[in-house]
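Accompanying notes for the structure given below.
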Amino acid sequence: MKLTPNMLHIVEKFEPIPTSVELRRIDPSLNMRRFYRMSLQPDLFGGVDVVREWGWLGWRGQFLIQRHSCEDEAVSSMLALETAKRRRGCRSAG
């Protein structure tokens, strides 16, 4: 099947859903070297969890698991958290 220009426009709208996000905030003037990780994990009951980890770089961080009944809720939650963290100065790791 050959893609027409109209079909390419539709395909470009869809981006792959991220399953994990890793952010860092490094500011030597504030002595700040922090990380923030999030990932989507299926649970045993058909839902999806957002697993969050944060802390100082080089140290073991804290964990929080947020349970969601469906993947759409979990993805929305993770993307909202990522947006909030980026507003506060976090950048992609790597």
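What you see is a predicted model, and the numbers here were worked out from it, not measured in a lab. All residue numbers in this chain count up from 1 along the given sequence.
At a threshold of 4.5 Å between side-chain heavy atoms, the hydrophobic network of Ile, Leu, Val, Met, Phe, Trp and Tyr places Phe63 and Val50 in two separate groups. Hydrophobic cluster membership differs between Leu23 and Phe35, with clusters built from Ile, Leu, Val, Met, Phe, Trp and Tyr side chains linked at under 4.5 angstrom. In the hydrophobic clustering of ILVMFWY residues, with side-chain heavy atoms under 4.5 Å counting as a link, Met32 and Leu57 come out apart. With hydrophobic clusters built from ILVMFWY side chains whose heavy atoms lie under 4.5 angstrom apart, Ile65 does not share a cluster with Leu81.
From Ser77, atom OG reaches atom CZ of Arg67 across 13.5 Å, with rounding to the nearest 0.5 Å. Between atom CE of residue Met78 and atom CG of residue Asp49 there is a gap of 12.5 Å, rounded to the nearest 0.5 Å.
The number of heavy-atom neighbours closer than 6.0 Å to CZ of Arg86, taken from other residues, nucleotides and ligands shown, is above 12.
Residues that satisfy the side chain to side chain contact (heavy atoms under 4.5 Å, CB included) test with Asn31, not counting sequence neighbours, are absent from this structure. For the side chain to side chain contact (heavy atoms under 4.5 Å, CB included) test, residues two or more places apart in sequence or in another chain that qualify with Ser39 are Ser20, Gln41, Val51.
When Arg24, Arg52, Glu22 are each tested for a side-chain hydrogen bond (donor to acceptor under 3.5 Å, both in side chains) with Tyr36, only one passes: Arg52.
The two residues Ala74 and Val48 come nearest to each other via the heavy atoms CB-CG1, 3.7 Å.
Both tests pass for Arg34 against the ring of Trp56: distance under 6.0 Å to the centre and angle within 45° of the axis.
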